[in-house]
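A short write-up of the structure that comes next.
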Amino acid sequence: MENTENTKPLNFIEEIVEEDLRTGKNDNRIHTRFPPEPNGYLHIGHAKAICLSFGIAQKYKGKCNLRFDDTNPVTEDVEYVDSIREDIQWLGFNWEGEAHYASDYFEQLFAWAVMLIRKGKAYVDETSAEDISAERGVPTQPGKESMYRNRSVEENLDIFMQMKNGEFPDGTKVLRAKIDMTSPNMHMRDPVLYRIKHAHHHRTGDKWCIYPMYDWAHGQSDYIEGITHSLCTLEFEVHRPLYDWCLDQIADGSYRPRQIEFARLNLNYTVMSKRRLLQLVNEGYVSGWDDPRMPTICGLRRRGYTPESLRNFAEAVGIAKRENVIELTLLEHCLREHLNKIARRVMVVSNPVKVLIENYPDGKVEIMQAENNPEDENAGMRDLPFSREIYIERDDFMEDPPKKFFRLSPGNEVRLKNGYIIQCTGADKDPATGEIKQIRCTYDPTTRSGLEGANRKVKATIHWVSAHHAIDVEVRLYDRLFATPDPDVVEEGKDWKSNLNPASLTIIVAKAEPSLATAKPEEKYQFQRTGYFCVDKDSTASKLILNRTVTLKDDWAKIAGRG
RNA sequence: UGCCCUUUAGUGUAAUUGGUUAACACGUCUGACUCUGGAUCAGAAGAGUCUAGGUUCGAGUCCUAGAAGGGCAACCA
């Protein structure tokens with residue numbers, strides 16, 4: 001066990017960590033952090049990042065902090081803080097100690113800013129936002145120094161204090177680092193460190209009216225918390241020189257956090273940006289952040305995903321620096337792999353057609369025994385009522401079947417799972433429409449499941465429910481959110497939303513075996529031969545609602561699909 | 001036309017750090033088995049590593065020059 005762990009190839013971040021451990025860097029401490037901004041819900045891309053940072057800490061006996069990057073009070077809210085904490089814990093991770101907040105460090109950050117000014121490395125700029133932007137230049141051309149760049153230390157200090165004391169309106173002044181307006185890296189062209197925002201902060205209230213920018217807060221927060229490996233996504237790569245510059249101003253040399261970037265997760269048939277997810281919610285394309293079609297952690301949870309399956313997925317996709325688009329089939333594979341082991345099997349007929357077993361005594365009811373999960377010996381058995389009239393799937397009968405169709409058809413035999421072998425004697429049709437109203441069969445009493453006679457080879461086994469005992473349940477058949485793998489590929493004049501899958505949700509009423517009546521929200525079931533389902537939180541005692549998490553693999557659908 | 005990053009089967013990730021015939025997973029295709037056309041098992045196809053040069057006994061790994069894709073110009077993170 002220990003051995004397989006050691007021989008598994010390391011990703012490039014683990015290699016860096018192991019090298020640091022070899023050389024004794026930072027006293028051999030390994031301390032990571034997950035730093036969400038509380039301005040939205042976490043999605044599966046964050047799940048990858050969470051598994052990485054918490055996973056590295058676990059693997060190397062280190063620690064992982066949760067730190068809310070709450071430096072922008074106008075977009076942030078406690079609602080998000082709470083959902084983020086819940087999602088991380090649901091995923092199965094525990095952060096070190098209490099959750100941290102960048103806002104915990106506002107005082108220290110301010111003190112360091114004052115120190116910067118004293119060293120002549122920061123200045124207050126009164127240029128307007130537009131002009132600062134213009135003066136910054138463009139990537140291909142150097143910027144121009146601000147006319148306020150060379151104020152005296154005293155003047156800077158004085159105005160900065162006034163900024164802090166709320167003497168200026170929003171947007172009138174900023175504190176800027178004095179670095180290099182000609183740098184080929186835009187982020188080094190005197191980046192803004194503080195801006196004025198007379199806004200109520202979800203934690204510090206009205207104490208502050210100046211707030212630090214990400215670049216001034218993040219590395220410093222890492223330093224304060226003793227973070228050794230600060231893992232983030234690729235778009236922060238260009239920030240790294242600034243991250244290091246900021247640390248240079250405060251670090252004493254005995255310890256040093258390091259920022260390492262990796263490629264974010266992309267999944268086909270969905271979108272991942274906060275902006276787009278928000279748009280789907282606001283414009284009513286989905287029912288909310290936890291709509292089971294959303295790639296949010298709470299959405300996946302409601303859909304029926306398990307923390308294990310998500311963690312296995314994060315492991316399977318790996319960590320590297322190149323842009324990637326993971327196939328949804330890999331996610332679904334990880335899901336099925338886990339659900340197969342834990343989901344109780346039940347029989348539910350989603351598109352019912354009645355079958356009359358002509359030679360079965362009217363009014364008789366037998367109780368059949370069914371395995372709850374053949375993959376789990378401890379899952380036990382359950383009772384299943386059987387009677388003269390049952391429902392089977394309409395698709396499991398064909399009047400005029402093609403060669404490879406093994407199920408019910410006139411004259412043909414089929415096994416009823418955990419029941420009897422039946423033979424079709426005919427079907428009654430609506431003379432006007434040709435629709436099958438009822439299928440007629442006979443059963444062989446010696447073939448009851450468990451009896452000697454049941455050992456006969458039969459081509460197919462189908463699921464069923466007793467018509468009189470079945471309960472009606474609402475089933476929400478979810479499919480992929482987008483109809484095309486890359487939602488950005490669109491016709492002229494259309495946008496990504498035109499690729500939304502119109503069939504991503506179909507609601508039906510199905511006939512379920514009676515044992516399902518006591519099912520509770522979040523419980524996972526396998527509807528035999530159909531798929532995995534999860535009881536929705538909207539369920540009530542009188543109305544059971546199940547979400548289709550994912551279908552079972554269906555070889556017949558492939559064969560039939562080929563024509 | 002500045003800087004930074006990336007480039008290995010359809011999709012991801014590896015390759016003992018310069019060493020045999022480039023591996024694993026998902027997907028695809030066969031077949032076996034099955035009281036779930038599920039699961040499981042067995043097998044197959046599929047890349048010669050972005051291109052062109054070079055170094056070397058030997059290059060996916062090193063060098064040179066290109067190409068392609070991505071990122072950077074918020075008082076967002």
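By convention in this document, chain letters (A, B, ...) are assigned in the order of the sequence lines, proteins followed by strands, and residues within each chain are numbered from 1.
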Between B:C75, B:U36, B:C76, which one does the side chain of A:Lys417 approach most closely?
-> B:U36

Please work out if A:Thr127 contacts a base, only the sugar-phosphate, or nothing of the nucleic acid, heavy-atom cut-off 4.0 Å.
-> base

Can you find a donor-acceptor N/O pair under 3.5 angstrom joining the side chain of A:Glu235 to the base of B:G70?
-> no

Nearest listed nucleotide, side chain of A:Asp69, among B:G2, B:A77, B:C35 | B:A77

Syn within 90° of 0, anti beyond: B:G48 is syn

Could you measure between the two C1' atoms, the one in B:A77 and the one in B:U16, and give it in whole Å?
-> 40 Å

Round to the nearest Å and state the distance from A:Ile326 atom CD1 to B:G10 atom C1'.
-> 13 Å

With a 4.0 Å cut-off on heavy atoms, is A:Arg136 in touch with a base, just the backbone sugar-phosphate, or nothing at all?
-> sugar-phosphate

Between B:C26, B:G37, B:G12, which one does the side chain of A:Val317 approach most closely?
-> B:G12

Is there a donor on the side chain of A:His239 or the base of B:A77 sitting less than 3.5 Å from an acceptor on the other?
-> yes

Between B:C26 and B:C35, how far apart are the C1' atoms? Round to whole Å, please.
-> 30 Å

Describe the nucleic acid contact of A:Ser128 in one word from base, sugar-phosphate, nothing, applying a heavy-atom distance below 4.0 Å.
-> base

Have a look at A:Lys274 and say if it touches a base, only the backbone sugar-phosphate, or nothing, with a 4.0 Å heavy-atom cut-off.
-> nothing

Identify whether the distance between the nearest side-chain nitrogen and carboxylate oxygen of A:Arg67 and A:Glu225 falls below 4.0 Å.
-> yes

Would you indicate what A:Asn418 reaches in the nucleic acid, counting non-hydrogen atoms under 4.0 angstrom: base, sugar-phosphate, or nothing?
-> base

Proximal nucleotide (of B:G38, B:C76, B:U13) relative to the A:Leu552 side chain | B:G38

Base, sugar-phosphate, or nothing for A:Met213, non-hydrogen atoms under 4.0 angstrom?
-> sugar-phosphate

Among the nucleotides B:A39, B:A73, B:U28, which one has an atom lying closest to any side-chain atom of A:Pro139?
-> B:A73

Per the atom types in the model, does the base of B:G10 pair as donor or acceptor with the side chain of A:Glu327 at under 3.5 Å?
-> yes

For A:Leu234, which contact category applies under a 4.0 Å heavy-atom criterion: base, sugar-phosphate, or nothing?
-> nothing

Nearest of B:C5, B:G27, B:C75 to any side-chain atom of A:Glu237?
-> B:C5

Where the side chain of A:Thr71 is concerned, which of B:G71, B:A77, B:C75 is the nearest nucleotide?
-> B:A77

Check: A:Tyr214 ring centre within less than 6.0 Å of A:Phe236 ring centre = yes

With distance as the sole criterion, do the side chain of A:Gln526 and the base of B:U36 form a donor-acceptor contact below 3.5 Å?
-> yes

Side chains of A:Asn312 and A:His338: do they bring a donor and an acceptor to under 3.5 Å?
-> no

Shortest non-hydrogen contact between A:Val238 and A:Pro241, atoms and distance = O-CD, 3.4 Å

Using a 4.0 Å heavy-atom cut-off across all strands, classify A:Phe313 as base, sugar-phosphate, or nothing.
-> nothing

B:U17 glycosidic conformation (syn if within 90° of 0, otherwise anti) is syn

Interatomic distance at C1', B:A9 relative to B:C5, whole Å | 24 Å

Taking the side chain of A:Asn340 as heavy atoms from C-beta outward, which of B:C5, B:G38, B:G12 is closest to it?
-> B:G38

Hey, is A:Arg203 close enough to A:Asp104 for a salt bridge, meaning N to O under 4.0 Å?
-> yes

Give A:Gly450 one of three labels, base, sugar-phosphate or nothing, depending on what nucleic acid heavy atoms sit under 4.0 Å from its own.
-> base

Distance-only donor-acceptor test, A:Arg529 side-chain atoms vs B:G37 base atoms, 3.5 Å = no

Pairwise C1' distance, B:U11 and B:G27 [rounded to whole Å] = 8 Å

Using the C1' atoms only, state how far B:U55 lies from B:G70, rounded to an integer number of Å.
-> 31 Å

Considering only NZ, NE, NH1 and NH2 on the basic side and carboxylate oxygens on the acidic side, decide whether A:Arg407 and A:Asp396 come within less than 4.0 Å.
-> yes

If we take the P atom in both B:U51 and B:G60, what is their distance in whole Å?
-> 11 Å

With sugar-phosphate meaning primed atoms plus P, OP1 and OP2, does A:Glu375 contact a base, only sugar-phosphate, or nothing at under 4.0 Å between heavy atoms?
-> base

Which part of the nucleic acid, if any, lies within contact of A:Thr530, taking any heavy atom under 4.0 Å across all strands shown: a base, the sugar-phosphate backbone alone, or nothing?
-> nothing

Heavy atoms under 4.0 Å, any strand shown: does A:Glu15 hit a base, just sugar-phosphate, or nothing?
-> base

